[in-house]
Amino acid sequence: MFDIRDFGNAGAEDGVPGLLTRLRTLYEATPLLVGLYDHTDRLRYTNPAYRATFGLSEGDFPTWEEMVRRSHASGHGINITADDFETWLASAKSRRGKVRFRSFESDLRDGRWLLVNETMDADGWMLTVGVDVTAFRVDTRDIRQARDHALRAAHTDELTGVANRRFAIHRANEMMAPHGPGGTLCVIDLDNFKHVNDRFGHQTGDVLLRAFCALMAGAIRRSDCFGRVGGEEFVLVLPQTDLAEAEHRVADLLARVRASRPLPDVPDFTYTFSAGLTFTPPGDTFSDAYGRADRALYLAKLAGRDRVMLG
């Protein structure tokens, strides 16, 4: 596993090795929380302040999701007040790493408040720096939190916590912009969802939707975007992904869904989805791409559901 101490040597006083050694020394000493994540959202470097906050031992490099789950269970890290942890996690993952830079405040289980700055590079690596702002402008913190919550709500589906239609379309348009990376757009529809509502009731249907979204949010890359566009229909935005890779990945997601048991009160319940995929080069439009993917989804339904089709 990568460790910033691999750079340089302690005796180099000039040039790149010496600068990196000095940078490491300062990061190790600063009270700022410094963490570096790779494109898979796995920690590759943390300083002592970061490790202490999240209950990490030296040399421990979990993914962000693994770290949050472990620190939450042990009483460290982020203060999560949501009634449903999985919905909170799906919502957090739907926003994480979707813009080059973002800044927000977050409170910790130990009572501190952090101003967190996340910076992404073109390869998907993320640098996070947390500053203790517990004593900073306490009188206006409620206003700042209300602003952050409003921005989050504007991008989030209220029921499931994943990206909503507006944000998912925005991410798709970024992918298809004239100078964008291109990629694959996937339209997903849960099979026979109406039968679930008719048989078990709408409340159970909501449980299924939340379980499905939590599964998907936990299985996609940080650079991807999974969003609910209405009812039981979803889109998956896969930047820099050709059709062959996208088909393989969505087929893997379908296999995970088939194997899942999302309803605790109905342990033998299983379900599937159908999906339509289309490649979207730079300069494509969302309406054209969505039309192609939607037609492929229609063919998947006609062919018997529980499958992935290309369009």
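The structure presented is a predicted model; accordingly, all values stated were derived computationally and were not measured.
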For a quick test of reading the model, state the closest non-hydrogen atom pair linking [X] to [Y] and the distance between them.
X    : Y    : answer
T241 : R221 : OG1-NH2, 2.7 Å
A163 : S94  : N-CB, 3.6 Å
M67  : P62  : CB-CG, 3.9 Å

Next on the checklist: With a sphere of 6.0 Å drawn around CZ of F269, does it hold more than 12 non-hydrogen atoms of other residues, nucleotides or ligands?
Outcome noted: yes
Next on the checklist: With a 6.0 Å cut-off (strictly less than), is the heavy-atom count around CG of D268, excluding the residue itself, greater than 12?
Outcome noted: yes
Looking at [X] and [Y], would you say the former's side chain and the latter's main chain have a donor-acceptor pair under 3.5 Å?
X    : Y    : answer
T280 : G183 : yes
R307 : R305 : yes
S91  : T87  : no
K98  : D224 : yes
D123 : W125 : no
N47  : Y27  : yes
T204 : H202 : no

Any chance you could measure [X], atom [atom1], to [Y], atom [atom2], to the nearest 0.5 Å?
X    : Y    : atom1 : atom2 : answer
E247 : L277 : CD    : CG    : 7.0 Å
D191 : D306 : CG    : CG    : 6.0 Å
T270 : R261 : OG1   : CZ    : 5.5 Å
E28  : T46  : CD    : OG1   : 8.0 Å
D189 : S274 : CG    : OG    : 7.0 Å
F273 : N192 : CZ    : CG    : 14.0 Å

Checklist outcome for this item: Which of V129, V133, D132 passes side chain to side chain contact (heavy atoms under 4.5 Å, CB included) with L115? It is V133
Less than 3.5 Å apart, any donor N or O on the side chain of [X] or [Y] sitting next to an acceptor on the other?
X    : Y    : result
R109 : H72  : yes
R256 : S260 : no
T184 : R249 : no

In the structure I gave you, are the side-chain heavy atoms of [X] and [Y] within less than 4.5 Å of one another anywhere?
X    : Y    : result
T160 : F212 : no
E86  : R210 : no
M120 : S223 : no
L43  : Y50  : yes
V196 : Y271 : no
L254 : T272 : yes

Next on the checklist: Does K93 form a salt bridge (Lys or Arg N to Asp or Glu O under 4.0 Å) with E65? I'd like the steps, not just the answer.
Outcome noted: CA-CA 8 Å; K93 287 175 67 68; E65 180 177 341; 3.5 Å; yes
Let me check something: do [X] and [Y] share a hydrophobic cluster, defined by ILVMFWY side-chain heavy atoms less than 4.5 Å apart, either directly or through other members?
X    : Y    : result
L159 : F85  : no
V250 : Y298 : no
I80  : V162 : no
F167 : M216 : no
L26  : V34  : no

Next on the checklist: Does the plane of the ring in F234 sit parallel, tilted or perpendicular to the ring in F226? Use 30° and 60° as the thresholds.
Outcome noted: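 F234 vs F226 ring planes: parallel.
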Checklist entry - Within 45° of the axis and under 6.0 Å from the centre of the six-membered ring of Y37, does NZ or CZ of R96 qualify? => result yes
Next on the checklist: Do the side chains of E66 and R42 get close enough for a salt bridge, i.e. N-O under 4.0 angstrom?
Outcome noted: yes
Item to check | R70 vs H76, side chain to side chain donor-acceptor pair (under 3.5 Å): CA-CA, chis, key distance, verdict | outcome: CA-CA 8 Å; R70 284 160 41 182; H76 293 88; over 6 Å; no
Next on the checklist: Assess the residue pair L56 and F61 against the criterion (side chain to side chain contact (heavy atoms under 4.5 Å, CB included)); give the C-alpha distance rounded to whole Å, side-chain angles, the decisive distance to 0.1 Å, and a yes or no.
Outcome noted: CA-CA 8 Å; L56 300 173; F61 298 101; over 6 Å; no
Checklist entry - Would R171 and E174 satisfy salt bridge (Lys or Arg N to Asp or Glu O under 4.0 Å), going step by step from the backbone distance to the final call? => result CA-CA 5 Å; R171 290 291 294 166; E174 286 186 331; 2.8 Å; yes
Item to check | Candidate list R102, R95, R100, test salt bridge (charged side-chain N to carboxylate O under 4.0 Å, His left out), partner E118, passing option | outcome: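 Passing option: R102.
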Checklist entry - Other than V237, what residues sit in its cluster of Ile, Leu, Val, Met, Phe, Trp and Tyr side chains whose heavy atoms are under 4.5 Å apart, directly or through others? => result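 I169, M175, M176, L185, V187, V229, V235, F286, Y290, L297, which link up through side-chain heavy atoms under 4.5 Å apart, make up the rest of the cluster.
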